[in-house]
Amino acid sequence: MKALQNSMLILFIGISISTLAQPPGGGRGGRPGGGPEEMIAREKQALYSKVKDLTDDQKLLLDGIYEEFGTTLKETFEELRQSNDREGRRKKMEALRKEKDELIADVLNEDQFEIYKSISQTRREKRSDDDGDGKN
């Protein structure tokens, strides 16, 4: 009887620790694709790894664009989190992405921007697949 109680106690503690050790949402800060910082970092890293001929000036400008986009995105997330208007949120997020894309288009040459567009399109398709909207 005592052995059964000890086993149950150890099992309970083990389950409790493993449950508490993971953040909500399966280990990515509660969001399916991670937070805004992670999303921006992944996109920027993909751009830098695929566009090999970026100048130092371009990288400096891109860093500024991504930093400003990250700040604006966090503020917008906070603002929109309190709203239940999904359509309004979608429109604001699209406007932010469009603004970022236009700024990046001004920094990159045509060939570089084509690579950026392919990266962005792939990420958006993956995101919509992850959202479960039926597009596969």
Side-chain angles (χ1 to χ4, degrees):
M1 186 68 148
K2 187 79 168 168
L4 180 61
Q5 287 177 335
N6 287 339
S7 297
M8 294 299 287
L9 180 62
I10 290 171
L11 181 63
F12 176 74
I13 291 171
I15 291 172
S16 298
I17 289 173
S18 67
T19 302
L20 295 173
Q22 297 178 8
R28 291 195 194 189
R31 295 191 180 103
E37 300 88 5
E38 292 176 35
M39 177 188 71
I40 292 167
R42 283 192 306 269
E43 181 179 299
K44 188 168 118 175
Q45 182 179 5
L47 178 63
Y48 283 15
S49 68
K50 294 199 191 260
V51 180
K52 302 292 184 191
D53 59 341
L54 289 172
T55 66
D56 289 340
D57 289 341
Q58 285 177 311
K59 288 180 182 179
L60 185 65
L61 291 169
L62 289 169
D63 286 344
I65 290 168
Y66 278 114
E67 186 176 322
E68 181 63 31
F69 180 66
T71 302
T72 306
L73 197 60
K74 281 172 64 174
E75 291 170 358
T76 304
F77 275 172
E78 289 302 316
E79 178 183 311
L80 296 176
R81 191 172 289 147
Q82 299 169 9
S83 167
N84 289 329
D85 181 14
R86 290 183 63 91
E87 185 62 24
R89 281 188 277 194
R90 188 184 62 77
K91 286 181 180 179
K92 283 189 178 186
M93 295 306 292
E94 282 180 11
L96 282 174
R97 283 190 205 102
K98 183 178 179 189
E99 181 182 352
K100 176 188 63 136
D101 290 350
E102 290 170 355
L103 290 169
I104 289 176
D106 289 341
V107 172
L108 302 177
N109 66 37
E110 280 185 47
D111 294 335
Q112 292 170 332
F113 189 67
E114 286 302 316
I115 294 170
Y116 168 76
K117 285 194 315 189
S118 73
I119 292 167
S120 295
Q121 185 62 34
T122 301
R123 297 188 68 70
R124 288 180 185 136
E125 288 171 2
K126 183 179 181 331
R127 211 174 20 252
S128 65
D129 287 346
D130 288 346
D131 289 344
D133 66 357
K135 292 183 204 173
N136 286 358

Practice prompt. Could you tell me which residues satisfy side chain to side chain donor-acceptor pair (under 3.5 Å) with K92, sequence neighbours excluded, listed by chain and number?
Written response: E79
Discussion item. What's the separation between atom CD in E99 and atom OG1 in T72, rounded to the nearest 0.5 Å?
Written reply: 7.0 Å
Practice prompt. Taking all non-hydrogen atoms of both residues into account, name the closest pair between N109 and D111 and its distance.
Written response: OD1-N, 3.1 Å
Worksheet item: Are E114 and K117 close enough for a salt bridge, meaning some N to O gap below 4.0 Å?
Response: yes
Worksheet item: Is there side-chain contact between V107 and L103, with heavy atoms separated by less than 4.5 Å?
Response: no
Worksheet item: Listed by chain and number, what are the side chain to side chain donor-acceptor pair (under 3.5 Å) partners of D53, not counting sequence neighbours?
Response: Q112
Worksheet, complete the sentence: CG of D101 to OH of Y116, rounded to nearest 0.5 Å, is 3.5 Å
Discussion item. Tell me whether D106 at atom CG has more than 12 heavy atoms from other residues, nucleotides or ligands lying less than 6.0 Å away.
Written reply: yes
Worksheet entry | Qualifying residues under salt bridge (Lys or Arg N to Asp or Glu O under 4.0 Å), relative to E67, sequence neighbours excluded | none
Item to complete: Step through it carefully: locate the ring centre of F69, locate the ring centre of Y66, and say whether they are under 6.0 Å apart.
Response: no
Response to the item:
Rounded to the nearest 0.5 angstrom, the OG-CD1 distance for S120 and I115 is 12.0 Å
Worksheet item: Looking at E43 and R97, does any basic side-chain N land under 4.0 Å from a carboxylate oxygen?
Response: no
Response to the item:
Contacts of E87 meeting side chain to side chain donor-acceptor pair (under 3.5 Å) (sequence neighbours excluded), chain-then-number -> R90
Discussion item. Measuring only between side-chain heavy atoms, which start at C-beta, is L73 closer than 4.5 Å to M39?
Written reply: yes
Worksheet item: What pairs with E102 under salt bridge (Lys or Arg N to Asp or Glu O under 4.0 Å), at least two apart in sequence or on another chain?
Response: none
Discussion item. Measuring only between side-chain heavy atoms, which start at C-beta, is L108 closer than 4.5 Å to L62?
Written reply: yes
Worksheet item: Counting only heavy atoms not in E94, do more than 12 fall under 6.0 Å of its CD?
Response: yes
Worksheet item: Any chain of hydrophobic side-chain contacts (each under 4.5 Å) joining L60 to I65?
Response: no
Practice prompt. For Y48, check ring pair (Phe, Tyr, Trp, His ring centres under 6.0 Å) against everything at least two apart and list the hits.
Written response: none
Worksheet item: Charged N to carboxylate O below 4.0 Å: is that the case for K74 and E37?
Response: yes
